[in-house]
Number of protein chains: 2
Amino acid sequence: MTYRPSGPEEQRWLEHYKPGDFPSISLTSDVVLFTIRQGALCVLLVKRGGFPYRDYWALPGGFVNQDESAAEGARRELQEETLVDVEGIHLEQLATYSEPYRDPRMRVVSVAHVAILPDMPTPIGSDDAADAHWWAVDDLNLDDEDATEYEPAHDKPRLAFDHAKIVKDGLERVRAKFEYSTLATKFLDDTFSLSELQRIYETVWGAPIVSTENFRRKVLSTPGFVMPTDQKTVAPSGMGRPSLLYRAGGGDTLLQPAMLRSAPNRREEIAA
Amino acid sequence: MTYRPSGPEEQRWLEHYKPGDFPSISLTSDVVLFTIRQGALCVLLVKRGGFPYRDYWALPGGFVNQDESAAEGARRELQEETLVDVEGIHLEQLATYSEPYRDPRMRVVSVAHVAILPDMPTPIGSDDAADAHWWAVDDLNLDDEDATEYEPAHDKPRLAFDHAKIVKDGLERVRAKFEYSTLATKFLDDTFSLSELQRIYETVWGAPIVSTENFRRKVLSTPGFVMPTDQKTVAPSGMGRPSLLYRAGGGDTLLQPAMLRSAPNRREEIAA
DNA sequence: TAAATAGTGTCTCTGAGACATTATATT
DNA sequence: AATATAATGTCTCAGAGACACTATTTA
């Protein structure tokens, strides 16, 4: 945005303007980064090295610079954390968390984002580092109001600040958007089969797609969802007929009517 | 949130913690307050008295206090601006706007909210004041990237900062939520007829509901949308059969499948 | 050829669109 | 009685759920 003063009077006013005594706040940009690894929906978390919440797990993120927006900050953090080319990655604003004492040090307001990464063949940069780790969302305790209550001996990681709430909100955002958008393709590489796409849905929703045939019909009949290629899977997942490969449609089409997730998000249903 | 330090070591660390040199911003909470007056969807705007954007129209809002969240700040601003009991009003976070130079004075980050007010029989507090006014959304120019371009002689108000974008986003949020939620009842008083509810939809969408019968079916068959009362309209809108009165269902039910707005939001269609 | 995965055909049932009809008020 | 608004009945068509079947690969 470029602001044009109305005239010399305002020009002078602006040049001599001194910020007054406004309540001052630090702004951070956090990212709930989702991917699917080994059939499980995962979130990237970073182990904190210092106080507060030392040894707790936090979302990747950091302070927003003076010359960048929250979205630009989020993309920069993502680049730094994952060392992956962040160009094509889906990144959207989730919500802003501004409870006064969410950080015991000072007033920190966090603009949270949701990002989606395809399952990379090569491990991402920070993954080797001991302080960054992909956690399966099913291994996180997100419903507990106060994650600090957990015993350190507990098998589930303890989340710092209000990040359990943020992850929970991000998860619900993604699950909800799957119903009426083509977001699921962001979890996949350039080309993919319809079976793979269906598995993405099942993994994210934690429930089986009611019927494969209807799923195919829905996807193929939605203009802009997928585009056919003339390729087939070269190395099928094992036995069985090779599948046709598709490409993401590109456009941000809306599913009309929406696809519905029937059951609650229980992983047992998939395994069965 | 109450944070409990892990032990005396962290306790001491926290007590002696001095905020470092983090980039600091000012945080404001803005509200896109919608209501329906005389059959038109309206937004409350306030005329700015000082630089920058003097004489431009801005969303009600202001700085968030140190001891309140953005949502609490929004509710407080709303109370101050409208002098209406703000208890039962629908208020939700919309998005956060953080472009570095959106305010020429200093770095201001705005958490925008959407609020909905029923059409009050009594005019709201600020409505008498010369500097606050309900604007029909159709009388606003929201699509223009740079609202400052308008000639002052233009019949449409010029919006300050990036508030045209915020109003546009808020409008789209409300229109979208009408499709799959019972939000429309928030525009209405305690009891209302189904015709009134349908008019709310038509006004917000700017398009006629395709068929009255299907609308009734949809509303009545959605559990938790409306609850019947044993009352009828006492003073009908003119001639005609009195209508049964309903009450909002209370629960935040989701419409499944969603109701669709067919046509684009053109007001001409309603008038016809 | 058996097993496994991919893909097609089609019947049914739900619900939205559309049209017609009945009901209850005012003037 | 004429007119206006509210409410009900029902036919049709699109699309989701369900079941059966065909196709193409590997072991």
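Residue numbers start from 1 in every chain, and the chains themselves are labelled A, B, ... in the order their sequence lines are given, proteins ahead of strands.
- In this structure, CG of A:Leu194 is placed 19 Å from P of D:dA23, rounded to the nearest angstrom.
- A rotation axis mapping the C1' atoms of four pairs onto the next four is fitted at both ends of the helix from C:dT1-D:dA27 to C:dT27-D:dA1 over five pairs, and the angle between these axes is 10° to 10 degrees.
- Atom-to-atom, CZ of B:Arg217 to P of C:dT14 comes out at 14 Å; the value is rounded to the nearest Å.
- Partners of A:Glu92 according to the salt bridge (Lys or Arg N to Asp or Glu O under 4.0 Å) rule, which considers only residues two or more places apart in sequence or in another chain, are A:Arg173, A:Lys177.
- Of the listed nucleotides (D:dA7, D:dT25, D:dA18), D:dA18 has the atom at the smallest distance from the side chain of A:Val210.
- Partners of A:Ala70 according to the side chain to side chain contact (heavy atoms under 4.5 Å, CB included) rule, which considers only residues two or more places apart in sequence or in another chain, are A:Ser29, A:Val111, A:His113, B:Ser98.
- Rounded to whole angstrom, the span from the CZ atom of B:Arg261 across to the P atom of C:dG17 amounts to 15 Å.
- Between the CG atom of A:Asn214 and the P atom of C:dT10 there is a distance of 16 Å, rounded to whole Å.
- Picking from D:dA7, C:dA25, C:dA6 the nucleotide with the shortest atom distance to the side chain of B:Leu244 gives D:dA7.
- Partners of B:Lys168 by salt bridge (Lys or Arg N to Asp or Glu O under 4.0 Å), not counting sequence neighbours, listed by chain and number: B:Asp143.
- Regarding contacts with the backbone of D:dG15, every side-chain N or O of A:Lys218 stays at 4.0 angstrom or more from both OP1 and OP2.
- A:Lys218 has no carboxylate O lying under 4.0 Å from a charged side-chain N of A:Glu179, or vice versa, which leaves the two without a salt bridge.
- Side-chain atoms of A:Met239 lie closest to C:dA4 of the nucleotides D:dA16, C:dA4, C:dG17.
- For A:Arg217, the salt bridge (Lys or Arg N to Asp or Glu O under 4.0 Å) criterion is met by no residue, not counting sequence neighbours.
- Between the P atom of D:dT24 and the CG atom of A:Leu245 lies a distance of 17 Å, rounded to the nearest Å.
- Residue-level contact check: B:Ser195 touches the backbone only, with heavy atoms under 4.0 Å from sugar-phosphate atoms and none from bases.
- At distances below 3.5 Å, at least one donor-acceptor pair connects side-chain atoms of A:Ser193 with backbone N or O atoms of A:Glu196.
- Closest to the side chain of A:Glu213, from the set C:dA25, C:dG9, C:dG7, is C:dG9.
- Judged by distance alone, with hydrogens and angles left aside, B:Arg241 brings a side-chain donor or acceptor within reach of the base of D:dA6, the pair sitting under 3.5 Å.
- With rounding to whole Å, A:Phe215 atom CZ is found 16 Å from D:dG15 atom C1'.
- Distance, A:Gln231 CD to C:dA6 C1': 17 Å, rounded to whole Å.
- In this view, B:Tyr201 and B:Phe178, B:Trp205, B:Phe215 satisfy the ring pair (Phe, Tyr, Trp, His ring centres under 6.0 Å) rule, not counting sequence neighbours.
- Taking every side-chain heavy atom of B:Arg216 into account, D:dA6 is the closest of C:dC19, D:dA6, D:dG17.
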